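The structure under discussion appears below in the form of structure tokens.
Keep in mind that the numbers below use all heavy atoms, side chains included, and drop hydrogens, waters and symmetry copies. Being a predicted model, the structure only gives us computed values, none of them experimental. Numbering starts at 1 and runs along the sequence shown.
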Amino acid sequence: MTTKFVYRFKLEPTPEQERGLRRLAGARRFIWNWGLARRRAHYAEHGKTLRYPAMNLELTTLKQDAATKWLCEMDSQALQESLRDLDRSFVNFFEKRARFPKFKKKRKQRHAFRIPQRVKIDGERVYCPKVGWIRLRLSQPVTVPTKSATFKRDACGDWFVTLIAEREVDAQIALPINPVGIDLGLKTFATFSGDAPDIPIPKFFRKAERVLRKVQRVFSRRKKGSTRRAKAKLRVSRAHRKTARQRSDFLHKTTTALVAHHDLICIEDLSVKGLAKTKLGKSILDAAFGEFRRQVEYKATWNGKLVSVVGRFFPSSKLHRPCGTIKADLTLSDRTWTCDGCGSYIDRDKNAAENILAEGLNLVAAGQADTQNAHGASVRLAKREQLVLK
């Protein structure tokens with residue numbers, strides 16, 4: 001089975017190379033704004049839109065103009081990819097997946113560009129057309145040919161390159177011998193079925209709020225356009241970056257160990273976007289349940305493991321599987337409850353993890369572990385219910 005792999009490395013460009021990267025990013029932004037203005041003018045005049053092939057031909061003519069002759073010094077594929085992105089943004093707008101495309105401002109837009117070909121890795125260097133060989137921090141070897149590369153500068157001023165590659169992975173196992181069910185929550189980040197110890201929730205953003213509040217207050221008091229405001233903005237970006245790196249390190253270590261020790265991972269299909277709109281939204285986003293699931297799924301694919309996703313309306317917390325009793329009046333504050341059917345004393349999270357494991361095994365047995373969708377049918381409940389955490 002062929003799957004995509006993504007590598008991300010930090011670059012260490014020289015001052016001259018960084019100027020070259022910024023020029024390519026600026027050229028991409030210029031072409032986006034030119035293409036957007038051209039398409040709007042064409043639609044106002046003819047009532048029709050310009051698609052990518054026609055825009056690509058006009059780009060060739062634009063390079064011959066004396067005022068934009070400097071575009072010939074830029075990489076042609078980076079300019080063409082900007083037009084592809086613009087065309088895709090219009091498609092997303094007409095299909096009601098995004099808003100109408102906007103012009104990109106120099107001071108508010110991060111420097112980035114993409115080159116689909118001719119970017120290669122040689123040792124601890126990466127080749128970028130029109131810039132040359134740039135040193136990078138090779139944290140892991142790249143053993144497969146790369147297909148596309150995206151160069152991007154973050155808010156702290158550091159440059160990164162993201163390489164996309166494809167390779168063959170082992171087929172998924174047919175009979176899992178070491179399954180586990182996982183219940184995610186805000187009291188405990190992950191509660192496992194069986195005897196595995198629970199993982200406490202780290203609350204990285206909550207712990208960093210005091211520092212963030214201090215640096216953001218200083219930033220808000222600086223005069224706009226001043227050097228001191230730029231320095232204060234950099235301190236805010238670095239504070240946010242530290243929190244993001246702590247969360248990323250925690251998730252990668254957790255998901256890597258999880259995939260290494262279990263052949264089948266059963267998780268719940270949480271509506272993270274819906275939960276983020278509740279009063280617990282900040283804690284939900286800080287826990288990063290969506291990123292946890294994404295990492296579990298792609299790492300399981302890389303290692304030939306299985307992931308079974310249980311439906312979000314399955315009563316994992318309310319169901320006592322041994323006797324089949326469902327406690328309909330269970331609230332979010334009830335961390336333990338007593339079964340009305342058999343009188344058992346039940347821990348909410350551990351019971352949910354066991355139910356998720358059992359339901360995930362049933363889905364695998366029915367051959368539905370990798371097809372968790374409605375196949376065109378409605379997924380809404382017949383009666384609108386209040387969205388609560390299980």
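Judged by a 6.0 Å distance limit and a 45° cone about the ring axis, R229 is positioned over the six-membered ring of F219.
Between the CZ atom of R51 and the CZ atom of R39 there is a distance of 6.5 Å, given to the nearest 0.5 Å. Taking CG from N56 and CG from D87, the interatomic distance works out to 11.0 Å, rounded to the nearest 0.5 Å. Rounding to the nearest 0.5 Å gives a distance of 12.0 Å between OG of S316 and CG of L357. With rounding to the nearest 0.5 angstrom, the CD1 atom of I284 is 5.0 Å from the CZ atom of F289. Between the OG1 atom of T188 and the CZ atom of R348 there is a distance of 11.5 Å, given to the nearest 0.5 Å. Here the CD1-CG distance, from I267 to L258, works out to 9.0 Å after rounding to the nearest 0.5 Å.
No donor-acceptor pair closer than 3.5 Å links the side chain of K4 to the backbone N or O of E166. A distance-only check finds no donor-acceptor pair linking the side chain of S226 to the backbone of R222 [under 3.5 Å]. In this structure, the side chain of E81 does not engage the main chain of P116 through any donor-acceptor pair within 3.5 Å. Using a distance-only test at 3.5 Å, with no hydrogens or angles considered, no donor-acceptor pair links the side chain of D183 to the main chain of A353. For N178 (side chain) and H261 (main-chain N/O), a donor-acceptor pair under 3.5 Å exists by modelled atom type. Judged by distance alone, the side chain of T14 and the main-chain N or O of Q17 form a donor-acceptor pair under 3.5 Å. At least one donor-acceptor pair closer than 3.5 Å links the side chain of N362 to the backbone N or O of A358. Side chain of T301 to backbone of E297: a donor-acceptor contact under 3.5 angstrom is found. Although no hydrogens or angles enter the test, the distance criterion places a donor-acceptor pair under 3.5 Å between the side chain of H42 and the main chain of K48. Panel note: side chain S220, backbone R217; a donor-acceptor pair is recorded below 3.5 Å.
Under a 4.5 Å side-chain heavy-atom criterion applied to ILVMFWY residues, the cluster that includes L86 comprises W32, L36, F90, F93, F94, F100, F103 as well.
Counting non-hydrogen atoms of other residues, nucleotides and ligands closer than 6.0 Å to NZ of K242 gives a total of 12 or fewer. In H252, the NE2 atom is crowded: over 12 heavy atoms of neighbouring residues, nucleotides or ligands sit closer than 6.0 Å. For K120, the NZ atom counts as loosely surrounded, since its 6.0 Å shell holds 12 or fewer non-hydrogen atoms of other residues, nucleotides or ligands.
Ring centroid separation for the pair Y298 and W302 comes in under the 6.0 Å cut-off.
In this view, R206 and K203, E209, K282, S283, D286 satisfy the side chain to side chain contact (heavy atoms under 4.5 Å, CB included) rule, not counting sequence neighbours. Checked against side chain to side chain contact (heavy atoms under 4.5 Å, CB included), E291 has the following partners two or more places apart in sequence or in another chain: L251, A288, R294, Q295.
Pairs of residues two or more places apart, or lying in two chains, that qualify as side chain to side chain donor-acceptor pair (under 3.5 Å) and include a residue from residues 90-106 are N92-R97, E95-R97.
A salt bridge links K253 with D249: the closest approach of a Lys/Arg side-chain nitrogen to an acidic carboxylate oxygen falls below 4.0 angstrom.
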Taking distance alone, no hydrogens or angles, what donor-acceptor pairs closer than 3.5 Å link side-chain atoms of residues 122-142 to residues at least two apart or in another chain?
{"from": "D122", "atom 1": "OD2", "to": "R125", "atom 2": "NH2", "distance (Å)": "3.2"}
{"from": "R137", "atom 1": "NE", "to": "E12", "atom 2": "OE2", "distance (Å)": "2.8"}

Listing, residues 148-163 side-chain donor-acceptor contacts under 3.5 Å, not counting sequence neighbours, or none:
{"from": "D154", "atom 1": "OD1", "to": "C156", "atom 2": "N", "distance (Å)": "3.1"}
{"from": "D154", "atom 1": "OD1", "to": "G157", "atom 2": "N", "distance (Å)": "3.0"}
{"from": "D154", "atom 1": "OD1", "to": "D158", "atom 2": "N", "distance (Å)": "2.8"}
{"from": "D158", "atom 1": "OD2", "to": "R241", "atom 2": "NH1", "distance (Å)": "2.6"}

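Transitive grouping of hydrophobic side chains (ILVMFWY, heavy atoms separated by less than 4.5 Å) brings L280 and L270 into a common cluster.
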